[in-house]
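Report on the following structure.
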Amino acid sequence: MQEHDLSWVRTEMALAERAPTSERGPVAWVRKNLIATTGDTILTILGIVIVAMILPQVINWAFLSAQWTGPDRTVCTTVAQGGIQQDGWSGACWAFVNAKFGQFMFGTYPIEERWRPILVAILFVALLAPMLIPRVPRKGLNALLLFVALPIVAFILLVGDMFGLPHVETARWGGLLVTLSLSFVGIAVSLPLGTMLALGRRSKMPIVKMLCIIFIETVRGIPLITVLFFVSVMLPLFLPAGVTFDKFLRALIGVSLFAAAYMAEVVRGGLQAIPKGQYEGADSLGLGYWQKMGLIVLPQALKLVIPGIVNTFIGMFKDTSLVLIISMFDLLGVVKQNFSDANWATPQTARSGLVFAAFVFWLFCFGMSRYSMYTERRLDTGHKR
């Protein structure tokens with residue numbers, strides 16, 4: 001029998017070693033993302049030059065030369081303009097934002113009652129945070145409290161006129177309070193309603209399908225301004241005499257229906273991306289229509305269209321500024337409204353206020369975008385590989 005020399009065969013597992021230095025760390029990241037090719041290197045250098053030209057001016061305007069506190073416009077104007085700053089001064093007037101911060105957040109909501117929207121905000125964050133963290137248990141109870149109990153409690157606290165709370169009409173609401181209220185209700189309503197519309201559009205029942213198509217195409221074919229104008233001005237004309245709706249409620253209905261129409265098309269795209277075998281597999285198990293959709297199809301479809309869903313949410317959050325057309329003032333509307341205050345009429349007031357509003361909008365939109373990316377990674381099952 002022929003003998004074989006096995007001395008070269010490994011008899012124990014090799015220990016795991018760290019990746020080479022060239023493949024990890026900041027240097028590797030720069031080499032891979034910024035200077036991987038000649039084109040990348042040129043674009044990186046060009047980007048650095050542009051940033052080097054713009055960033056110092058932005059930092060100087062927003063921080064170094066900015067005026068942070070002050071009682072009136074004199075702190076943000078030059079001596080020639082009747083202020084205290086040197087001639088040629090140019091900086092952000094954060095004193096204006098600081099003085100008007102309460103209005104930017106709550107509008108003309110009574111100062112002595114502002115603890116009520118603050119309490120609602122605390123409850124919202126306390127219920128939303130565990131909803132967004134996957135490891136926190138009892139999601140069903142959490143969702144029930146967030147989407148059912150919280151709106152009732154928020155309505156009682158914000159509107160009042162019960163349990164000894166003074167009544168605060170919605171005409172006095174404004175600022176970030178209006179923006180977040182419209183956005184939260186729009187998101188909570190548009191996703192389930194849009195899903196039902198998408199299912200209806202793919203239904204085999206002709207009447208249901210036709211009604212869903214008419215609604216979706218009609219709403220998507222007109223601007224949001226038109227929808228808000230209709231629900232605010234035209235809708236009361238179709239109601240019986242003496243019957244009316246609160247203007248804020250009309251805005252909620254208009255924004256929710258508009259977002260639902262767009263959401264329906266996003267969800268329909270996800271439904272069409274599901275292979276036919278998934279439907280047939282559910283049918284072979286004897287599942288009913290709602291069981292098939294709720295347990296098999298919709299979870300996969302919604303996962304595929306997370307970017308589109310969040311994009312609709314972000315668009316709706318920014319579009320809340322259009323409620324100005326019906327004389328409601330969201331964050332941007334209140335900021336622009338305060339430009340007419342003679343006590344703060346300066347060349348830097350408008351810039352500072354708009355930059356503040358833009359930063360707040362960006363903060364919420366960026367947060368939604370980053371969380372959607374995290375959700376995509378967490379739910380990724382590798383079916384695309």
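Because only heavy atoms are used, hydrogens play no part in the values below, and waters and symmetry mates are left out as well, while side chains stay in.
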Kindly assign one of parallel, tilted or perpendicular to the pair [X] and [Y], based on the angle between their ring planes and the thresholds 30° and 60°.
X    : Y    : value
F101 : F356 : perpendicular
F339 : F96  : tilted
F124 : F184 : perpendicular
W362 : F366 : parallel

Are any of the side-chain heavy atoms of [X] and [Y] separated by less than 4.5 Å?
X    : Y    : answer
V323 : L182 : yes
F215 : R201 : no
Q85  : V79  : no
P307 : M373 : no
L176 : F104 : no

Spatial distance of atom [atom1] ([X]) from atom [atom2] ([Y]) [nearest 0.5 Å]:
X    : Y    : atom1 : atom2 : value
I309 : S190 : CD1   : OG    : 9.0 Å
M263 : I187 : CE    : CD1   : 8.0 Å
L304 : Q272 : CG    : CD    : 12.5 Å
I216 : L197 : CD1   : CG    : 5.0 Å

Is there a side chain to side chain contact (heavy atoms under 4.5 Å, CB included) between I314 and V310? Walk through the geometry before answering. CA-CA 6 Å; I314 291 175; V310 176; 4.0 Å; yes
Would you say [X]'s side chain and [Y]'s backbone share a donor-acceptor pair under 3.5 angstrom?
X    : Y    : answer
S340 : Q337 : yes
Q103 : G175 : no
D40  : N33  : no
E217 : I214 : no
S256 : L252 : yes
Q81  : T78  : yes
W94  : A62  : yes
Q300 : I296 : yes
S65  : W61  : no
T179 : L331 : yes

[atom1] of [X]: more than 12 outside heavy atoms within 6.0 angstrom?
X    : atom1 : answer
I207 : CD1   : no
K318 : NZ    : no
M53  : CE    : no
Q57  : CD    : no
F230 : CZ    : yes
I325 : CD1   : no
R370 : CZ    : no

Intermediate values then yes/no, side chain to side chain donor-acceptor pair (under 3.5 Å), Q348 and W89: CA-CA 10 Å; Q348 302 299 332; W89 173 84; over 6 Å; no
Just checking, any donor-acceptor pair under 3.5 angstrom between side chains of S372 and S369?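 No.
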Closest heavy-atom contact between G308 and V266?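 That would be C-CG1, 3.7 Å.
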Considering non-hydrogen atoms only, spot the tightest contact between W344 and G70 and give its length.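 Heavy-atom minimum between the residues: CH2-O, 3.5 Å.
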Strictly by ring pair (Phe, Tyr, Trp, His ring centres under 6.0 Å), give each pair with a member in residues 294-322 just once, sequence neighbours left out.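 Those involving residues 294-322 are F317-F361, F317-F364.
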Once side chain to side chain donor-acceptor pair (under 3.5 Å) is applied, what residue pairs with a partner in residues 155-172 remain, sequence neighbours excluded?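 Output for this query lists T170-D246.
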What residues, two or more places apart in sequence or in another chain, satisfy salt bridge (charged side-chain N to carboxylate O under 4.0 Å, His left out) together with R351?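 Residues passing salt bridge (charged side-chain N to carboxylate O under 4.0 Å, His left out) with R351: none at all.
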Contact list for residues 148-217, test disulfide bond (SG atoms under 2.5 Å apart), sequence neighbours left out: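 Disulfide bond (SG atoms under 2.5 Å apart) check on residues 148-217 returns no pairs.
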Under the disulfide bond (SG atoms under 2.5 Å apart) rule, what pairs show up with a residue in residues 71-140, not counting sequence neighbours?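 Pairs touching residues 71-140 that pass the test: C76-C93.
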Are I122 and F147 linked, directly or through intermediate hydrophobic residues, by side-chain heavy-atom contacts shorter than 4.5 Å (ILVMFWY only)?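 Linked, F147 and I122 end up in one cluster.
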Do you reckon L354 sits in the same ILVMFWY cluster as L324, going by side-chain contacts under 4.5 Å, direct or chained?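 Per the 4.5 Å side-chain linkage, L354 and L324 are co-clustered.
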Dump the intermediate steps for side chain to side chain contact (heavy atoms under 4.5 Å, CB included) on E113 and W115, then the final yes or no. CA-CA 5 Å; E113 300 295 331; W115 63 270; 3.6 Å; yes
Carboxylate-amine/guanidinium proximity below 4.0 Å for R73 and D341: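 Judged by the 4.0 Å cut-off on N to carboxylate O distance, R73 and D341 do not form a salt bridge.
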Pairing of E376 and K303 as salt bridge, 4.0 angstrom limit: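 Result for this pair is no, no salt bridge flagged.
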Trace of the side chain to side chain contact (heavy atoms under 4.5 Å, CB included) decision for L145 with L150: CA-CA 6 Å; L145 293 174; L150 180 61; over 6 Å; no
By the salt bridge (charged side-chain N to carboxylate O under 4.0 Å, His left out) test, which pairs, at least two apart or in different chains, include something from residues 128-145?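 For residues 128-145, and leaving out neighbouring residues, there are no salt bridge (charged side-chain N to carboxylate O under 4.0 Å, His left out) pairs at all.
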Is the gap between the ring centers of Y374 and Y371 under 6.0 Å?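 Distance test on ring centres: under 6.0 Å, yes.
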Would you please test V227 and I222 for side chain to side chain contact (heavy atoms under 4.5 Å, CB included) and show each step? CA-CA 7 Å; V227 175; I222 56 180; 3.7 Å; yes
Give the intermediate values and the outcome of side chain to side chain donor-acceptor pair (under 3.5 Å) for residues T349 and T346. CA-CA 5 Å; T349 296; T346 74; 2.5 Å; yes
